[in-house]
A.B. asks: 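Have a look at this one.
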Amino acid sequence: MKHIREQWKVLLAGAIGQLAREKGVELSPAAADIVVETPPKPELGDIGFPMFSFSKALRMGPPQIALALVERLAGATAPGTAKAVGPYLNVFVDRAALAKVLIEEARKPGYGSSASLSGTKIMMEFSSPNTNKPLHLGHLRNDVLGESVSRILRANGAELLKINLVNDRGVHICKSMLSYMVYGGGRTPADEGKKSDHFVGDYYVKFNELKKEDEKAEEKAQDLLVKWEAGDPAVLKLWKTMNEWAVGGIKKTYERTGISFDKYYYESQIYLTGKEEVQKGLASGAFFKAEDGSVRIDLSPLGLEEKVLLRKDGTSIYMTQDIGLAIHRHDDWPFDRLVYVVANEQQYHFKVLFHILERLGYGWAKNLYHLSYGLVNLPEGRMKTREGTVVDADALLDSLRDLALEEIQAKGREEAVGDAADIAEKIALGAVHYYLIQATPAKDMIFNPKDSLSFNGDTGPYIQYMGARISSMLRKHEKGEGNAQGGTVRPELLAGDAEWELVRRIAAYPEAVEQAGAEYNPAFVAAQLYDLAAAFSKFYHDNPILNCEDKDTAATRLALAAAVKAVLEHGLFLTCIPFLEAM
RNA sequence: GCGUUCGUAGCUCAGCUGGAUAGAGCGACGGACUUCGAAUCCGUAGGUCGGGGGUUCGACUCCCUCCGGACGCACCA
């Protein structure tokens, strides 16, 4: 569809130029100057070109321009027919021809993928959990965004490296350690039959109790950190044990949600890097030494104050680490772009970080991107650890899975579905991931538990359901049932409005994938999938497919359904929603 | 106070680089299963696109201003 639009743009640009010459007017628009649009109703055409903007120069009313252009384009070889519709020049494409191509293309494996980013190496950092507690709903948004954008970029031809920076050191880690030392009694997750990250998280929560009992708790945690940095063997041993529990449990959740990484970085291993880089910057004059001995950068070019990069005692801070880490990573794997999926509360941090790297003279610094996303809030407001309102990722998935299972049982579909528990789990995942991805990343969103439990309407399971229904039809056909047996696929039968509605949505899909990649926004894919699923649902409700009396029509519609299925499979994968053959 | 960002139907969200009567879902109300799986489909009600200016042939979309919310403005991560 895109290439057809481009062809028309070129034709129109030429025709407008010609018209201008005839009128003795100076005007020769480029193809890029032609505005394209999709008419609100199919009856009006498939592609629309508003003529308003040329009105003044040509001293003609837009409707007259449209008419004049149609006349001049009458002889041109172009895909489709131009028609003047008021102030618009609308194109009616050759539906049968396009349907023929799409039906074939869409059923091939790579439909929706492109090469628009081929040759581009992109590193994607996301998730970045703390090792003192299990993942919560906010992490799920981060994870699914990172994973989905990665898949989308890869579908657009990019070479991807997904990395996870585990925050496994710091005073917050020491708090859960201290709490365990006081209350743990040497118990292990296995002793309590608990998922290991939750086990660790519970001690982190218990630190609040400890603070009430021991007013020096904060101080003690700080001491623990000092000992950790000094390499105290006992402290390191406990730290290692608890981190393994935490990371092990977190990885189980990744496995459950289908998130994966090509490489893990651990903060404990790299938190000291960056100091050297700062020294280099000091030597090159990018930074300066303040009177108190700390190293700083002047951020007035950004309209900001100065920022400390090394404390006066020479120790590093968060920013120092990130400077070192970025450089280290580029050495590891020379990327063209590096995307950080991090919540929007760190916008300032990344703005400054990118600026600093640029000042240090790294050319790739201009290709760093902070994929900033908003908080997931509850209807009552922000999630708060202290108030216990944090929605735990595992618990959320569990409850959704249980509800889906009940639904399967209520419909008596356990037999038909195969492994009911597994299907229920996948429906739960589809529900959560779709919910998190349909909203624009930049915006804060409200997670309404009640709504999220619904599998109806604009949801992941709705799309999964349409995929399952089509799969079911195709299975029947393969078993020799239905009227499509022996029928011939005739694309001209897809020229009707109902079929065309589906064809044009299939045609629009690859563009959505490309746009999603260009804007790091999987919501475009999600929206496209929902529209396609809804269009199909309406279509097959009104039009018999396997039961259609005419063999050829049945076969053709089935081929269309198969094309829809292929797009759904492709798109669901990109949005981290499992495709289901049955549910 | 300064900066960033958001404000679209009762609720949750779309609205493509400004373009043809502002769209979905949920909720409400009313319909549709002896036919391909009703986790479905159809219909009705519901919006001065936060307010006010401006640019434009045309503004939900761009600019200014005000109001309201979120998040930042650490030698914490």
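Note that the structure is predicted; figures quoted are calculated from it, not measured. Letters A, B, ... are given to chains in the order of the sequence lines, protein chains preceding strands, and every chain is numbered from 1. In what follows, every heavy atom counts, from backbone to side chain, and hydrogens, waters and symmetry copies are set aside.
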A.B. asks: Would you say the side chains of Y318(A) and E267(A) form a donor-acceptor pair under 3.5 Å?
C.D. replies: no

A.B. asks: Output yes when E345(A) and R382(A) qualify as a salt bridge under the 4.0 Å nitrogen-oxygen rule, no when they do not.
C.D. replies: yes

A.B. asks: What residues form a side chain to side chain contact (heavy atoms under 4.5 Å, CB included) with H370(A), not counting sequence neighbours?
C.D. replies: V342(A), Q347(A), F350(A), F354(A), S372(A)

A.B. asks: If I pick the P atom on C60(B) and the same atom on C71(B), what distance separates them, to the nearest angstrom?
C.D. replies: 30 Å

A.B. asks: Using atom P in both nucleotides, what's the gap between U48(B) and C41(B) to the nearest angstrom?
C.D. replies: 29 Å

A.B. asks: Which distance, rounded to the nearest 0.5 Å, do you find between the CD1 of I270(A) and the CG of L325(A)?
C.D. replies: 4.5 Å

A.B. asks: Among A20(B), G19(B), A77(B), find the nucleotide with the atom closest to the side chain of V35(A).
C.D. replies: G19(B)

A.B. asks: Could you spell out the base pairing of RNA chain B as a dot-bracket line? Use Watson-Crick and G-U wobble contacts where both distances are under 3.5 Å, [ ] for crossing pairs, | for partners on a different strand.
C.D. replies: (((((((..((((.....[...)))).(((((.......))))).....(((((..]....))))))))))))....

A.B. asks: For V308(A), what residues pass the side chain to side chain contact (heavy atoms under 4.5 Å, CB included) criterion, not counting sequence neighbours?
C.D. replies: S294(A), R296(A)

A.B. asks: Give me the ring orientation class for F536(A) and F539(A): parallel if the planes are under 30° apart, tilted from 30 to 60°, perpendicular past 60°.
C.D. replies: tilted

A.B. asks: Say we look at U4(B) and G58(B): how far apart would their C1' atoms be, to the nearest angstrom?
C.D. replies: 31 Å

A.B. asks: With a 4.0 Å cutoff (strictly under), does any side-chain N or O of N344(A) reach OP1 or OP2 of A70(B)?
C.D. replies: no

A.B. asks: Looking only at atom C1', what distance separates A39(B) and A77(B), rounded to whole Å?
C.D. replies: 44 Å

A.B. asks: Students often get this wrong, so: under 4.0 angstrom with heavy atoms, is N483(A) touching a base, only sugar-phosphate, or nothing?
C.D. replies: nothing

A.B. asks: Would you say whether Y530(A) stacks on A24(B)? The test is a distance between ring centres of less than 5.5 Å and an angle between planes of less than 30°.
C.D. replies: no

A.B. asks: Any pair with a residue in residues 422-445 of chain A that passes salt bridge (Lys or Arg N to Asp or Glu O under 4.0 Å), sequence neighbours left out, goes on the list, sorted by first then second residue, please.
C.D. replies: R256(A)-E425(A), R401(A)-E425(A), D422(A)-K426(A)

A.B. asks: Using a 5.5 Å cut-off between ring centres and planes within 30 degrees, is F52(A) stacked on the base of G19(B)?
C.D. replies: yes

A.B. asks: Please state how far atom CZ in F54(A) lies from atom P in U56(B), giving the value in whole angstrom units.
C.D. replies: 19 Å

A.B. asks: Which residues pass the side-chain hydrogen bond (donor to acceptor under 3.5 Å, both in side chains) test with N142(A), not counting sequence neighbours?
C.D. replies: Y373(A)

A.B. asks: Sequence neighbours left out, what passes side chain to side chain contact (heavy atoms under 4.5 Å, CB included) with S316(A)? Give chain and number order.
C.D. replies: K275(A), L310(A), T320(A)

A.B. asks: When we call it a touch if two heavy atoms are under 4.0 Å apart, what does A582(A) touch: a base, just sugar-phosphate, or nothing?
C.D. replies: base

A.B. asks: Could you report the tightest heavy-atom contact between P129(A) and I250(A), atom names first, then the distance?
C.D. replies: CB-CD1, 4.0 Å

A.B. asks: Would you mind classifying the nucleic acid contact of R413(A) as base, sugar-phosphate or nothing, using non-hydrogen atoms under 4.0 angstrom?
C.D. replies: base

A.B. asks: May I have the list of side-chain donor-acceptor pairs in residues 42-65 of chain A shorter than 3.5 Å, sequence neighbours left out?
C.D. replies:
| residue | atom | partner | partner atom | Å |
| --- | --- | --- | --- | --- |
| D46(A) | OD1 | W500(A) | NE1 | 2.9 |
| D46(A) | OD2 | V93(A) | N | 2.9 |
| S55(A) | OG | M60(A) | O | 2.6 |

A.B. asks: What side-chain donor-acceptor pairs closer than 3.5 Å can you find for residues 527-535 of chain A, not counting sequence neighbours?
C.D. replies:
none

A.B. asks: Within the sub-3.5 Å range, which N or O atoms of nucleotides 12-14 of chain B have a protein N or O partner, and how far apart are they?
C.D. replies:
| residue | atom | partner | partner atom | Å |
| --- | --- | --- | --- | --- |
| C13(B) | OP1 | I446(A) | N | 2.6 |
| C13(B) | O2' | Q438(A) | OE1 | 3.0 |
| A14(B) | OP1 | T440(A) | N | 2.5 |
| A14(B) | OP1 | T440(A) | OG1 | 2.8 |
| A14(B) | OP2 | K443(A) | NZ | 3.0 |

A.B. asks: Quick one: which protein N/O atoms are closer than 3.5 Å to N/O atoms of nucleotides 59-63 of chain B? Pair and distance per line, please.
C.D. replies:
none

A.B. asks: Measure from the side-chain heavy atoms of D292(A) and tell me the nearest of C75(B), U40(B), A39(B).
C.D. replies: C75(B)

A.B. asks: With respect to the phosphate group of G72(B), does any side-chain polar atom (N or O) of Y348(A) fall under 4.0 Å of OP1 or OP2?
C.D. replies: no

A.B. asks: Verify the contact: side-chain N or O of K538(A) to OP1 or OP2 of C42(B), cut-off strictly under 4.0 Å; return yes or no.
C.D. replies: yes

A.B. asks: Pick the C1' atom in G7(B) and in A20(B), then give their distance to the nearest Å.
C.D. replies: 27 Å

A.B. asks: Can you tell me how far P in C13(B) sits from the matching atom in C75(B), rounded to whole Å?
C.D. replies: 35 Å

A.B. asks: Over all strands shown, is K411(A) touching base, sugar-phosphate only, or nothing at heavy-atom distances under 4.0 angstrom?
C.D. replies: base

A.B. asks: So which of R5(A), R505(A), K2(A) actually passes salt bridge (Lys or Arg N to Asp or Glu O under 4.0 Å) with E511(A)?
C.D. replies: R5(A)

A.B. asks: In this structure, is the centre-to-centre distance between the rings of W228(A) and Y271(A) below 6.0 Å?
C.D. replies: yes

A.B. asks: In whole Å, what separates the C1' atom of U55(B) from that of C63(B)?
C.D. replies: 7 Å

A.B. asks: Can you work out whether M583(A) or Q346(A) has the more 5'-proximal nearest nucleotide on RNA chain B?
C.D. replies: M583(A)

A.B. asks: Is K351(A) close enough to U4(B) that one of its side-chain N or O atoms is under 4.0 Å from OP1 or OP2 there?
C.D. replies: no

A.B. asks: Check every strand shown and say whether I408(A) touches a base, only sugar-phosphate, or nothing at a heavy-atom separation below 4.0 Å.
C.D. replies: base

A.B. asks: Verify ring-ring contact (aromatic ring centres under 6.0 Å, His included) between Y340(A) and Y369(A), making sure each step is shown before the conclusion.
C.D. replies: CA-CA 6 Å; Y340(A) 294 87; Y369(A) 183 75; 9.9 Å; no

A.B. asks: Give the residues of residues 423-431 of chain A touching RNA chain B, defined as any heavy atom closer than 4.0 Å, sorted by residue number.
C.D. replies: I427(A)

A.B. asks: Hey, is the main chain of A523(A) close enough, under 3.5 Å, to the side chain of N521(A) for a donor-acceptor pair?
C.D. replies: yes

A.B. asks: Does the side chain of S537(A) get closer than 4.0 angstrom to OP1 or OP2 of C41(B) through an N or O atom?
C.D. replies: yes

A.B. asks: Distance between the P atoms of G52(B) and U12(B), in whole angstroms?
C.D. replies: 23 Å

A.B. asks: Name the pairs: protein N/O against N/O of nucleotides 33-36 of chain B, kept only if under 3.5 Å.
C.D. replies:
| residue | atom | partner | partner atom | Å |
| --- | --- | --- | --- | --- |
| U35(B) | O2' | N547(A) | ND2 | 3.1 |
| C36(B) | O4' | N547(A) | ND2 | 2.9 |
| C36(B) | O3' | K476(A) | NZ | 3.2 |
| C36(B) | O2 | I545(A) | N | 3.4 |
| C36(B) | O2 | L546(A) | N | 3.0 |
| C36(B) | O2 | N547(A) | N | 3.2 |
| C36(B) | N3 | I545(A) | N | 3.1 |
| C36(B) | N4 | Y540(A) | O | 2.2 |
| C36(B) | N4 | N543(A) | O | 2.9 |

A.B. asks: Within the structure provided, determine whether F288(A) and D298(A) are in side-chain contact (heavy-atom separation under 4.5 Å).
C.D. replies: yes

A.B. asks: Salt bridge between E481(A) and R475(A), side-chain N to carboxylate O under 4.0 Å?
C.D. replies: no

A.B. asks: Under 4.0 Å between a side-chain nitrogen and a carboxylate oxygen: does that hold for E229(A) and R169(A)?
C.D. replies: yes

A.B. asks: Classify P39(A) by what it touches in the nucleic acid, base, sugar-phosphate, or nothing, heavy-atom distance under 4.0 Å.
C.D. replies: base

A.B. asks: Does the side chain of Y462(A) get closer than 4.0 angstrom to OP1 or OP2 of C26(B) through an N or O atom?
C.D. replies: no

